[in-house]
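Below is one structure, written out as structure tokens, with a few remarks after it.
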Amino acid sequence: FQPNDYSDADDAKPYYTTLSLWDTFRACHPWYSIVVPEVNAGAVDSFMRHYKTFGRLPVMSYGGMNFDCMIGNHSVSVFVDRFLKTKSAEVDWNDVFDAVKNTLMVAHPGKPKENWDVYDKYGYFPYDVIDGEGVSRTFECAYDDWCAAQMAKGLGKTDDYQLFMRRSQNWKNVFDSSGGFARGKSSDGKWREPFDPFAFGHGAGRDNDFTEGNAFQYSWHVMHDVEGLVAAMGGREAALKKLEVLFTADATAAGAPPDVTGLIGQYVHGNEPSHHVIYLFSLLGRPDLTAKYVREVFDRFYLPKPDGLCGNDDCGQMSAWSLFSAMGFYPFNPCGGE
């Protein structure tokens with residue numbers, strides 16, 4: 001059903017909208033790149049047309065307009081994924097990179113969740129400086145920075161590559177290795193206290209560090225630096241033990257926003273930040289546990305009845321997870337074909 005062609009009747013090219021990018025960059029766009037690559041090509045063209053109209057890339061595109069409700073800007077991932085997979089001569093990739101860099105570094109009037117001056121000053125979003133979601137925003141912006149770095153490298157832009165690679169490590173600044181959890185941090189470098197890894201957050205409010213999730217879920221939101229994450233967890237065996245705890249912890253969603261559904265322990269299949277996590281078992285040498293939990297997800301959360309889906313499909317992301325997983329593989333890092 002999505003994305004939708006929103007173009008006028010006399011438009012020579014489709015203009016795609018209904019792109020729920022915070023969700024769909026994870027598996028939906030990688031799926032398109034395999035089975036309907038022309039849709040991804042059209043999405044890249046549509047993003048650039050949006051950029052030239054509005055001055056920045058869309059965060060979430062609905063009805064031809066941009067919605068800034070979510071965090072990060074994952075149109076960057078879709079751009080860079082297409083660049084790395086095709087390097088299509090039909091696209092001016094230097095022009096695209098300029099749009100990527102502008103979107104990730106320049107503050108745009110009316111866009112509430114950028115604060116690049118804060119991000120670059122501290123290397124994270126301190127909870128006492130910005131209005132909520134600091135940990136989630138740091139993790140997701142670090143991923144976009146990694147994507148931008150790969151495009152810069154491919155275009156021979158060495159200085160930009162080094163800049164964005166440094167930024168891509170910012171997730172470490174809000175990861176407490178002593179406890180193995182991502183945590184809120186103040187502008188003077190102190191961890192938020194008291195700390196409850198079960199405490200859910202979403203949206204504005206300086207008492208909230210997360211977006212539609214908690215520390216259990218977001219501590220694994222490092223798709224671009226698994227080795228760094230494992231090291232921060234204390235090594236592979238420690239990371240595996242921590243990962244198993246995620247799936248065996250109390251399946252409580254007390255205080256959670258309505259998006260948090262489909263729980264196995266504190267793994268949340270009904271919402272997107274968890275979607276890659278089952279596959280981390282395979283990367284850590286336990287594909288049997290990946291297989292175990294993939295099967296449990298299918299048996300519990302994808303059922304042929306009216307309430308058989310455990311969460312909002314979010315414009316194809318839940319469906320793309322099932323399609324990849326039915327075939328036995330998944331884009332753990334959705335940019336670049338890994």
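Side chains are part of it too, since the values below use all heavy atoms of this structure and drop only hydrogens, waters and symmetry mates.
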Are the side chain of [X] and the backbone of [Y] linked by a donor-acceptor contact shorter than 3.5 Å?
X: Thr138; Y: Phe125; answer: yes
X: Ser219; Y: Ala182; answer: yes
X: Arg206; Y: Asp128; answer: yes
X: Arg183; Y: Phe175; answer: no
X: Trp171; Y: Ser136; answer: no
X: Thr17; Y: Gly63; answer: yes
X: Ser177; Y: Ala232; answer: yes

With side chains defined as the heavy atoms from C-beta onward, is the minimum distance between [X] and [Y] less than 4.5 Å?
X: Lys13; Y: Arg49; value: yes
X: Met165; Y: Asp145; value: no
X: Trp321; Y: Tyr302; value: yes

Passes salt bridge (Lys or Arg N to Asp or Glu O under 4.0 Å), Asp209 versus Arg137? Steps please.
CA-CA 9 Å; Asp209 296 315; Arg137 287 177 61 186; over 6 Å; no

Step by step, would you call Gln317 with Asp314 a side-chain hydrogen bond (donor to acceptor under 3.5 Å, both in side chains)?
CA-CA 6 Å; Gln317 172 58 26; Asp314 281 315; over 6 Å; no

Please report the C-alpha distance between Met70 and Glu212 in whole Å, then the side-chain angles of each, then the deciding distance to 0.1 Å, and finally whether the side-chain contact (heavy atoms from CB on, under 4.5 Å) criterion is met.
CA-CA 10 Å; Met70 300 311 294; Glu212 297 182 13; 3.7 Å; yes

What distance do [X] atom [atom1] and [Y] atom [atom2] have between them, rounded to the nearest 0.5 Å?
X: Tyr119; Y: Leu104; atom1: OH; atom2: CG; value: 8.5 Å
X: Tyr293; Y: Glu296; atom1: OH; atom2: CD; value: 7.0 Å
X: Met327; Y: Leu323; atom1: CE; atom2: CG; value: 7.0 Å
X: Asn102; Y: Arg56; atom1: CG; atom2: CZ; value: 10.5 Å

Which residue pairs pass the side-chain hydrogen bond (donor to acceptor under 3.5 Å, both in side chains) test with at least one member in residues 248-262, sequence neighbours excluded?
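Qualifying pairs: none.
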
Polar contact flag, side-chain donor to acceptor under 3.5 angstrom, Lys153-Gln150
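There is no such pair (donor and acceptor under 3.5 Å, judged by atom type) between the side chains of Lys153 and Gln150.
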
With a 3.5 Å cut-off and no angle check, do the side chains of Asn66 and Asp68 form a donor-acceptor pair?
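A donor-acceptor contact under 3.5 Å links the two side chains.
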
Pairing residues for Asp8 by the side-chain hydrogen bond (donor to acceptor under 3.5 Å, both in side chains) criterion, not counting sequence neighbours:
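Scan of Asp8 (side-chain hydrogen bond (donor to acceptor under 3.5 Å, both in side chains), adjacent residues dropped) gives none.
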
Residues which pass side-chain hydrogen bond (donor to acceptor under 3.5 Å, both in side chains) with Tyr143, listed by chain and number, not counting sequence neighbours
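Only Asn333 meet the side-chain hydrogen bond (donor to acceptor under 3.5 Å, both in side chains) criterion with Tyr143.
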
Quick check: closest heavy atoms across Pro334 and Arg26, and the distance to 0.1 Å?
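For Pro334 versus Arg26, the nearest heavy atoms are CB-O, 3.2 Å.
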
Residue pair Pro331 / Ala27: nearest heavy atoms and the distance that separates them:
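Looks like CG-CA, 4.1 Å.
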
Is the gap between the ring centers of Tyr6 and Tyr15 under 6.0 Å?
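They do not qualify: ring centres at least 6.0 Å apart.
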
So, for Phe47 and His50, is the gap between ring centers shorter than 6.0 Å?
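Between Phe47 and His50, the centre distance exceeds or equals 6.0 Å.
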
Pairs involving residues 273-289, ordered by first then second residue, that meet salt bridge (charged side-chain N to carboxylate O under 4.0 Å, His left out) (sequence neighbours left out):
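Qualifying pairs, neighbours excluded: Arg286-Asp288.
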
Quick one: salt bridge (charged side-chain N to carboxylate O under 4.0 Å, His left out) pairs with a partner in residues 329-338, sequence neighbours left out?
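Qualifying pairs: none.
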
What residues form a ring pair (Phe, Tyr, Trp, His ring centres under 6.0 Å) with [X], not counting sequence neighbours?
X: Trp31; result: Phe324
X: Phe332; result: His276
X: Tyr127; result: none

Salt-bridge contact Arg295-Asp299 (side-chain N to carboxylate O under 4.0 Å):
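Salt bridge present between Arg295 and Asp299.
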
Under the side chain to side chain contact (heavy atoms under 4.5 Å, CB included) rule, collect the residues that match up with Asn208, sequence neighbours excluded.
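Listed in chain order: Glu133, Phe210.
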
Hydrophobic cluster mates of Phe1, side-chain heavy atoms under 4.5 angstrom, ILVMFWY only, any path?
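Other cluster members: none.
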
Hydrophobic side-chain clustering at under 4.5 Å (ILVMFWY, transitive links): who's grouped with Phe200? Put none if nobody.
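Listed partners: Val260, Leu263, Val268.
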
Name the residue from Arg167, His74, His224 that meets the side-chain contact (heavy atoms from CB on, under 4.5 Å) definition with Asp144.
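Testing Asp144 for a side-chain contact (heavy atoms from CB on, under 4.5 Å) against Arg167, His74, His224 leaves exactly one candidate, His74.
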
Identify which one of Asp10, Asn4, Asp11, Asp5 satisfies the side chain to side chain donor-acceptor pair (under 3.5 Å) criterion when paired with Ser7.
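The residue from Asp10, Asn4, Asp11, Asp5 that satisfies side chain to side chain donor-acceptor pair (under 3.5 Å) with Ser7 turns out to be Asp5.
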
Would one find more than 12 heavy atoms of other residues, nucleotides or ligands at under 6.0 Å from atom NZ of Lys87?
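For Lys87, atom NZ is crowded (more than 12 foreign heavy atoms under 6.0 Å).
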
What donor-acceptor contacts under 3.5 angstrom involve side-chain atoms of residues 75-84, with partners at least two apart or in another chain?
{"unit_1": "Ser75", "atom_1": "OG", "unit_2": "Pro58", "atom_2": "O", "d": "3.4"}
{"unit_1": "Ser75", "atom_1": "OG", "unit_2": "Asn73", "atom_2": "OD1", "d": "2.5"}
{"unit_1": "Asp81", "atom_1": "OD1", "unit_2": "Lys85", "atom_2": "NZ", "d": "3.3"}
{"unit_1": "Asp81", "atom_1": "OD1", "unit_2": "Gly336", "atom_2": "N", "d": "2.8"}
{"unit_1": "Asp81", "atom_1": "OD2", "unit_2": "Lys85", "atom_2": "NZ", "d": "3.1"}

Distance under 6.0 Å and angle within 45° of ring axis: Lys292 vs Phe247:
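No, Lys292 does not lie over the aromatic ring of Phe247.
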
